[in-house]
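Worksheet: the structure to be examined is printed underneath.
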Amino acid sequence: MQYLFTALFILGFIAFLGFLVLMILSIRKGNRLPIRYIFLTTACFAIASIGLYGMLNLSSNSTQPAIDQTPSPQIKLSGLHMTTEEFKNKFNGAVGKYRLNGLSITHLNMKDTSEQGIGTFEYVFNDELRLVGAVNADESVQEVRLYGTGDTSKPTGGIFLTAIATLILTTNSEYTYNDAQDVIQDIGLLNRDVNQPDFNGATVRNGLEYRFSVQDPDHSTFEITVAK
């Protein structure tokens with residue numbers, strides 16, 4: 001089609017110029033202008049215009065970018081809206097920012113994926129504190145838990161409390177350490193009755209539930225899950 005429109009434009013334009021010259025010469029000689037010259041000149045101009053329009057239209061279409069019909073990849077972030085690698089980096093970032101010594105994660109120990117498409121990861125800080133998380137089939141972190149071992153009749157403190165604050169900072173990038181302490185306060189962890197071995201306190205922030213619970217006199221858990 002490009003060649004056809006080009007030929008129409010060239011032939012029509014040459015013919016238009018030819019008849020236009022004949023019309024001008026006829027007028028200059030004082031002769032009466034033949035009607036056929038006017039008709040043929042107009043027809044040639046129309047043919048040249050059609051050819052020019054077709055050339056420009058085809059050229060415009062050829063320069064437009066091709067539409068990408070490749071299906072867009074599905075978003076892989078769900079649950080806590082981060083992958084395991086992003087989780088580790090954000091956790092370590094909070095540790096470095098607030099100088100929370102002894103809490104850096106070097107490598108998450110990944111477990112085999114179950115039949116339901118849920119995998120797990122684990123990191124042991126010391127004999128009394130370990131981190132466990134659940135991973136969806138799309139490789140995003142679904143939930144995380146801290147397991148603490150020790151006398152639950154005593155106020156929670158030390159590295160366990162610091163790790164809780166770090167996890168809160170990890171799941172809320174805009175939070176400061178004071179914001180993390182506010183979450184801990186809302187849970188009731190700082191003012192809980194130490195004589196209650198069955199303590200279970202929780203609060204919801206930005207679609208996430210933060211919960212601290214005591215299972216038995218020696219074990220307590222802090223978990224972050226998507227609020228239902």
Side-chain angles (χ1 to χ4, degrees), residues 76-152 154-184 187 189-190 199-227:
K76 289 188 175 183
L77 300 181
S78 60
L80 302 187
H81 302 286
M82 66 184 79
T83 63
T84 53
E85 186 66 19
E86 290 171 332
F87 171 81
K88 185 186 74 171
N89 292 338
K90 289 183 178 181
F91 188 94
N92 289 339
V95 170
K97 181 177 181 179
Y98 294 99
R99 298 180 181 179
L100 308 176
N101 298 329
L103 280 176
S104 294
I105 298 175
T106 55
H107 177 71
L108 292 173
N109 183 21
M110 304 298 299
K111 304 291 185 179
D112 292 337
T113 303
S114 66
E115 295 180 358
Q116 291 77 21
I118 302 296
T120 61
F121 61 86
E122 181 182 34
Y123 187 79
V124 178
F125 295 100
N126 55 45
D127 294 339
E128 298 181 349
L129 180 65
R130 66 188 180 97
L131 170 72
V132 175
V135 182
N136 289 334
D138 60 5
E139 300 180 357
S140 62
V141 179
Q142 178 63 24
E143 61 182 46
V144 290
R145 295 182 180 181
L146 281 172
Y147 290 95
T149 302
D151 188 352
T152 57
K154 295 180 180 180
T156 302
I159 192 172
F160 192 11
L161 192 62
T162 304
I164 290 174
T166 307
L167 276 185
I168 296 172
L169 292 170
T170 301
T171 53
N172 284 280
S173 57
E174 297 180 356
Y175 272 19
T176 65
Y177 199 83
N178 288 336
D179 295 320
Q181 289 182 322
D182 289 340
V183 175
I184 293 173
I187 295 174
L189 183 58
L190 298 182
F199 176 84
N200 191 341
T203 187
V204 175
R205 296 285 187 92
N206 300 324
L208 298 178
E209 181 181 83
Y210 301 89
R211 180 178 297 276
F212 182 89
S213 58
V214 177
Q215 283 71 49
D216 57 55
D218 296 316
H219 299 89
S220 53
T221 303
F222 173 75
E223 62 181 343
I224 303 177
T225 58
V226 178

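Side chains are part of it too, since the values below use all heavy atoms of this structure and drop only hydrogens, waters and symmetry mates. Index from 1, following the sequence.
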Give me the atom names and distance for the closest heavy-atom approach of [X] to [Y].
| X | Y | answer |
| --- | --- | --- |
| Asn126 | Leu129 | OD1-N, 2.8 Å |
| Ile164 | Leu146 | N-CD1, 3.7 Å |
| Tyr175 | Ala180 | CD2-N, 4.4 Å |
| Ile187 | Gly201 | CG2-O, 3.3 Å |
| Leu208 | Val226 | CD2-CA, 4.1 Å |
| Met110 | Val135 | CE-CG2, 4.1 Å |

To the closest 0.5 Å, what do you measure between [atom1] ([X]) and [atom2] ([Y])?
| X | Y | atom1 | atom2 | value |
| --- | --- | --- | --- | --- |
| Asn206 | His81 | CG | NE2 | 10.0 Å |
| Phe160 | Glu128 | CZ | CD | 10.5 Å |
| Glu86 | Leu80 | CD | CG | 11.5 Å |
| Asn109 | His107 | CG | NE2 | 6.5 Å |
| Leu169 | Gln181 | CG | CD | 9.5 Å |
| Met82 | Thr171 | CE | OG1 | 6.0 Å |

Please examine the side chains of [Y] and [X], heavy atoms only from C-beta on, and report whether any two atoms are closer than 4.5 Å.
| X | Y | result |
| --- | --- | --- |
| Leu189 | Leu161 | yes |
| Glu209 | Ile224 | no |
| Thr162 | Tyr98 | no |
| Thr221 | Phe212 | no |
| Gln142 | Ser140 | no |
| Phe125 | Leu103 | yes |
| Leu167 | Phe87 | yes |
| Ile168 | Ile184 | yes |

Under 3.5 Å, is there a donor-acceptor pair between the side chain of [X] and the main chain of [Y]?
| X | Y | value |
| --- | --- | --- |
| Asp216 | Asp218 | yes |
| Asp179 | Thr176 | yes |
| Tyr123 | Ser104 | yes |

Item to complete: Test Asn200 against Arg211 for side-chain contact (heavy atoms from CB on, under 4.5 Å), laying out the working first.
Response: CA-CA 7 Å; Asn200 191 341; Arg211 180 178 297 276; 2.6 Å; yes
Fill in: Steps toward side-chain contact (heavy atoms from CB on, under 4.5 Å) verdict (Phe121, Val132)
CA-CA 6 Å; Phe121 61 86; Val132 175; over 6 Å; no
Item to complete: Measure up the Phe222 and Tyr210 rings against each other and bin them: parallel (under 30°), tilted (30 to 60°), perpendicular (over 60°).
Response: parallel
Item to complete: For side chain to side chain donor-acceptor pair (under 3.5 Å), just list the numbers for Ser213 and Gln215, CA-CA rounded to whole Å, side-chain angles, deciding distance to a tenth of an Å, and then say yes or no.
Response: CA-CA 6 Å; Ser213 58; Gln215 283 71 49; 2.9 Å; yes
Discussion item. Closer than 4.0 angstrom, basic N to acidic O: yes or no for Arg145 and Glu143?
Written reply: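 Judged by the 4.0 Å cut-off on N to carboxylate O distance, Arg145 and Glu143 do form a salt bridge.
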Worksheet item: Are Ser220 and Phe199 close enough, and set up right, to give a side-chain contact (heavy atoms from CB on, under 4.5 Å), and what steps lead you there?
Response: CA-CA 9 Å; Ser220 53; Phe199 176 84; over 6 Å; no
